[in-house]
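Structure, as structure tokens:
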Amino acid sequence: MFKKILVANRGEIAARIMRTARRLGVRTVAVFSEADRGALHVRSADEARLIGPAPARESYLSIERILAAAKDSGADAIHPGYGFLAENADFAEACAKAGIVFIGPPPAAIRAMGSKSEAKAIMDKAGVATVPGYHGEDQDEERLAREAARIGFPVLIKPSAGGGGKGMRRVDGASEFAAALAGARREALSSFGDDRVLIERYLDRPRHVEMQVFADAHGRVVHLFERDCSVQRRHQKVIEEAPAPGVGPELRARMGAAAVAATRAIGYQGAGTIEFLLEPDGRFYFMEMNTRLQVEHPVTEMITGLDLVEWQLLVARGEALPLAQDRIECSGHAIEARIYAEDPARDFLPGSGTVAHLRWPETGPDFRIDAGVEAGDAVSIHYDPLIAKVIAWGRDRAGAIERLARGLRGIQAVGPATNLDFLGAMLAHPVFTSGAVDIGYIDRHYRELVSQGPAGPEAVAMASLYLLLRRAEDADRNAAASTDPTSPWHRPVGFHLNIEPEDTLRFQAAGQDLVVGVRYRGGGYLFSTPDGPVEAHGGMAEGDGAASNLIAQVGGRDRHATVVGRDRSLVVFMDGRRYEFVLAGPRLAATLDESPAGGLVAPMPGKVVQVHVRAGEAVKRGQALMVLEAMKMEHAIVAPGDGVVRAVRFKEGDMVPEGAELLSLE
Ligand code: MV4
């Protein structure tokens, strides 16, 4: 086995490869860009090398920098993961030239599968069905138009050098063909530098079913069953499962034989995936071959009990495949959901920024989390916003769905928006649970999948209770730090003698205004919510990091909630659901653990209107040090603890940007 491998990747796949390497006693070298200093995959490795600035083309895509790191660290082999250089034949060749094993297929196989028309020609020869169409060398417009008419409309024009759906054009009639062809050529030339196209019969509502294959250097080839990846959005897979719903043993055997024949036909080695388009009547056609380990490989690992990265290492060492075909079993059903930092309610806009709070549920043999970040890590705009994959196994598909849905309900994430609720909605959606998914599923059901219902009265009461407890806590902190602690002005609410004090809390929730009336009653509260009155009382305990644990009687029932309150945002995790409330009133004061040690930063852009302290002055926890004016309100910057002012960096009248360090404390 290799002594040391360099993982030329980042995020969850890099950490995952390192887990297998560690289990096999193989030392690991991580490579990281400036943006990934201290990232999870760097923390997971035995050694690490900085390879460049944040942009991928100057770091993770730099062949020379990665090879330099491999040589410098004495790595025997390089695992490319997926994406980046994983399917770059030049990189595979450069590794071989440098005497470093590329853990992947031979460069010639990568090249052959990189051209759609070459791949289809190889499949035709190998007897693997391809979509009826034309993929010849003759690219004359007249010829292409004749072929389209022969195939029969609607047809799909596809760039030969393309992949992942980019540049495809559907043509419904001969009159549109010329314009569509011109557009497809222009886009293919600009995206891939190659304007050759192929033409196929357009398949309406096919399923994307792919077969995992493995080949060693001794001519052995096996398949490890299929995966259904039809639940995609804009050619990005969201949910993948194995085996494919609705594929029976006979169809599975035919697809497996076709996949093995295709793999053998190109002299393949290592892990590969043959993608098919499957029509409702059981006809299937070769679509593409992926010459890398795929994101969704864990569902195959869950139903076969195999470690595909271990197999990759063995095959790269020239060893035989560990199992013959008849020893590879498919047991149960596995489903994977990809957790992305993106906002489904804003057309899946990718998110970035620090993950302020991230709590995972228990894992086990039937529930796996391949995470790329932990709380406190940043999701960078430079790379794919995949936060983690969660994979669940069940004895059957319904069991796997239930286990995955339960696992997702146990995940708490605050920071960049995520697609967690969207994933949960899909797993509860009758069309999905019936198994009637095809490649248009998300597009057809998008609206009902992204609209999350309004928060119920219990969640509103919990958010209101948290806000009042936080204000009381902040008031106590300020009172303790002031010269007149007993002054009634420190009380968080309007202080009235002998009548029931009233208060009104204002939020935004799911884009709607939310007004909650508060009446104080003997240590508890009566909240008037849009869904009626709710009694609540309880307490708050510190949670981990930015989270607080709320234990309360709400509506007469004991309830627990985790709440993460930052600036204007309140995220309430309760009963496996996540509710976000935006404060309309004053923002939450910075709590003790939120302000970075030593430096106090401006929570938003503003103007310094008061400076109460000088360098060298001793201060008490909660004491107001400086006052900022922003958004027509004043915000006190308070001391997070007792200390001495080391430096005051701004004076009255100064404008400060968000994040500027205002003072530093010992
Ligand atoms: C097709 C097709 C329908 N008919 N080919 C999308 C990207 C690339 N994998 C090929 N793709 C398709 N090829 C014919 N003849 C529909 C798609 C397609 C698709 C395929 C699999 C998964 C998701 C998809 C989303 C849109 C279109």
Side-chain angles (χ1 to χ4, degrees), residues 82-83 87 113-121 123-124 128-136 144 147-172 177 180-181 184 187-188 191-192 196-212 226-242 244-247 255 259 262 272-292 294-296 299 336 338 348 426 432 436-446:
Y82 52 66
E87 298 187 282
M113 292 301 106
S115 154
K116 299 270 152 305
S117 46
E118 188 178 342
K120 286 191 76 170
M123 296 309 147
D124 289 343
V128 177
T130 60
V131 182
Y134 171 77
H135 47 269
L144 294 174
E147 293 294 344
R150 171 185 63 81
I151 295 162
F153 292 98
V155 298
L156 204 54
I157 303 176
K158 290 183 177 179
S160 178
K166 209 170 160 47
M168 297 193 319
R169 273 183 173 61
R170 170 177 164 164
V171 184
D172 290 319
F177 186 80
L181 175 61
E187 189 168 343
S191 304
F192 314 109
R196 281 174 300 169
V197 296
L198 50 93
I199 303 174
E200 293 180 349
R201 175 162 69 80
Y202 180 77
L203 304 180
D204 187 33
R205 291 198 182 188
R207 292 197 4 220
H208 170 130
V209 177
E210 57 186 37
M211 193 60 79
Q212 178 70 55
E226 80 283 355
R227 296 186 286 260
D228 186 307
C229 306
S230 303
V231 179
Q232 304 195 7
R233 194 178 161 279
R234 293 191 190 159
H235 305 294
Q236 176 178 285
K237 295 167 183 170
V238 181
I239 289 184
E240 306 102 336
E241 59 184 297
V247 169
M255 292 181 100
T273 297
I274 309 285
E275 291 186 347
F276 293 105
L277 288 171
L278 174 62
E279 293 208 279
D281 61 6
R283 281 182 301 173
F284 61 87
Y285 306 99
F286 169 83
M287 182 162 53
E288 295 169 21
M289 178 176 191
N290 298 317
T291 57
R292 65 179 187 273
Q294 304 221 185
V295 175
E296 58 269 25
V299 294
E336 173 181 274
R338 300 188 188 194
F348 292 85
M426 270 192 288
F432 179 81
V437 292
D438 61 64
I439 62 171
Y441 163 72
I442 289 184
D443 286 351
R444 284 196 304 274
H445 300 283
Y446 172 82

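Remember, predicted model here, so these are calculated numbers, not experimental data. Just follow the structure's listing: the first ligand is 1, and inside any ligand the first atom is 1.
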Does this structure show an ion pair linking [X] with [Y], if we count only N-O contacts that are shorter than 4.0 Å?
| X | Y | result |
| --- | --- | --- |
| R207 | D228 | yes |
| E296 | R338 | yes |
| R150 | E147 | yes |
| E200 | K116 | no |
| R444 | D438 | yes |
| R227 | E241 | no |

Which of the atoms in ligand 1, numbered in the order shown and given with their element, are less than 4.0 Å from a heavy-atom of [X]?
| X | answer |
| --- | --- |
| L156 | 1 (C), 2 (C), 3 (C), 4 (N), 5 (N), 13 (N), 14 (C) |
| Q232 | 22 (C), 23 (C) |
| V131 | 15 (N) |
| K158 | 1 (C), 5 (N), 10 (C), 13 (N) |
| L277 | 1 (C), 2 (C), 5 (N), 13 (N), 14 (C), 20 (C) |

Identify the protein heavy atom lying closest to [atom], giving its residue, its atom name and the separation to 0.1 Å.
| atom | value |
| --- | --- |
| atom 16 (C) of ligand 1 | I439 CD1, 3.7 Å |
| atom 10 (C) of ligand 1 | M287 SD, 3.4 Å |
| atom 21 (C) of ligand 1 | H208 ND1, 3.4 Å |
| atom 25 (C) of ligand 1 | H235 CE1, 3.5 Å |

- Classify the contact between E288 and ligand 1 as side chain, backbone, both or neither, using a heavy-atom distance cut-off of under 4.0 Å. side chain
- Measure L203 to ligand 1 on non-hydrogen atoms and call it side chain, backbone, both or neither using the 4.0 Å cut-off. both
- Task: Compute both the distance and the angle, then confirm whether R170 meets the cation-pi test with Y202: under 6.0 Å from the six-membered ring centre, within 45 degrees of the axis.
- Result: yes
- Query: If you measure from each heavy atom of K166 to ligand 1, is any distance below 4.0 Å?
  - Reply: no
- Item | Pair E210-T273, side-chain donor/acceptor within less than 3.5 Å | no
